[in-house]
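Notes to accompany the following structure.
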Amino acid sequence: MATYWTLGCDADDPQRLAAFWAFALGYVKESGFDEPDNASVVDPDGRGPAIGFLKVPEGKSAKNRMHIDVRVAGPGPWDMDERARLIRQKLPELVAAGATVVREEWYDDALGHVVMQDPEGNEFCVA
């Protein structure tokens with residue numbers, strides 16, 4: 001049996017980041033984490049890990065060493081044209097929620113993933 005775990009994230013505005021990631025991943029806010037200095041989101045089906053956000057005094061200063069991949073196409077193998085369609089369909093939703101598109105990455109002739117930044121500049125990929 002796997003160990004239950006939470007992804008911990010530093011934040012300037014934990015509530016704003018929690019709201020963004022809840023939207024991006026289809027998560028919900030975890031009850032009991034509604035203070036200005038902390039927030040947490042959970043998978044409503046209880047399968048994925050919780051993601052916690054803690055206010056820290058310093059801002060982001062370098063590229064993330066770890067990041068989240070939003071896998072809109074689900075597990076492979078994929079029809080790469082359909083996968084690209086699903087990726088492109090998700091981008092405007094995330095931009096409307098506060099994300100920024102950074103660049104596209106291609107695998108030969110197929111769209112591999114799109115690098116984005118969340119509202120605080122943390123990189124993530126839509127794949």
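Predicted model only: the values in this text are computed from it and were never measured.
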*Quick one: does Asp118's side chain have a donor or acceptor within less than 3.5 Å of a partner on Gly121's backbone?*
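Yes, Asp118 side chain to Gly121 backbone: donor-acceptor pair under 3.5 Å.
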
*asked:* Closer than 3.5 angstrom, by distance alone: can the side chain of Arg83 be matched with the main-chain N or O of Gly112 as a donor-acceptor pair?
replied: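 Indeed, once roles are kept as given, a pair shorter than 3.5 Å links the two residues.
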
Separation between [atom1] of [X] and [atom2] of [Y], rounded to the nearest 0.5 Å:
X      : Y      : atom1 : atom2 : answer
Glu105 : Cys125 : CD    : SG    : 7.5 Å
Ile51  : Ser40  : CD1   : OG    : 8.5 Å
Ile87  : Arg71  : CD1   : CZ    : 11.0 Å
Met116 : Phe124 : CE    : CZ    : 4.5 Å
Leu94  : Gln117 : CG    : CD    : 13.0 Å
Phe53  : Trp21  : CZ    : CH2   : 7.5 Å

*Excluding sequence neighbours, so at least two apart, what forms salt bridge (Lys or Arg N to Asp or Glu O under 4.0 Å) with Asp69?*
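Here no residue qualifies.
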
Atom of [X], atom of [Y] and distance for their closest heavy-atom approach:
X      : Y     : answer
Val101 : Val95 : CG2-CG2, 4.0 Å
Pro14  : Ala39 : O-CB, 3.5 Å
Gln89  : Arg85 : OE1-NH1, 2.6 Å
Pro44  : Gly26 : CD-O, 3.3 Å
Asp12  : Lys55 : O-NZ, 2.7 Å

Could you tell me whether the side chain of [Y] reaches within less than 4.5 Å of the side chain of [X], counting heavy atoms only?
X      : Y      : value
Leu7   : Ile68  : yes
Leu25  : Val70  : yes
Gln15  : Leu17  : no
Met80  : Leu111 : no
Glu120 : Phe20  : no

_Qualifying salt bridge (charged side-chain N to carboxylate O under 4.0 Å, His left out) pairs with a residue from residues 38-53, counting only residues at least two apart or across chains_ =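 Qualifying pairs: Asp45-Arg47.
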
Kindly work out whether a path of hydrophobic side-chain contacts (I/L/V/M/F/W/Y, heavy atoms less than 4.5 Å apart) joins [X] to [Y].
X      : Y     : result
Val115 : Leu91 : no
Val42  : Trp5  : no
Val126 : Met66 : yes
Trp106 : Leu86 : yes

*Between Glu123 and Arg103, does at least one N-O distance fall below 4.0 Å, as a salt bridge requires?*
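Salt bridge flag = no for Arg103 with Glu123.
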
*Salt bridge Lys29-Asp34, side-chain N to carboxylate O under 4.0 Å*: no

*Centre of Phe23's six-membered ring, under 6.0 Å away, within 45 degrees of the axis: is that where NZ or CZ of Lys90 sits?*
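Ring-cation test returns yes.
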
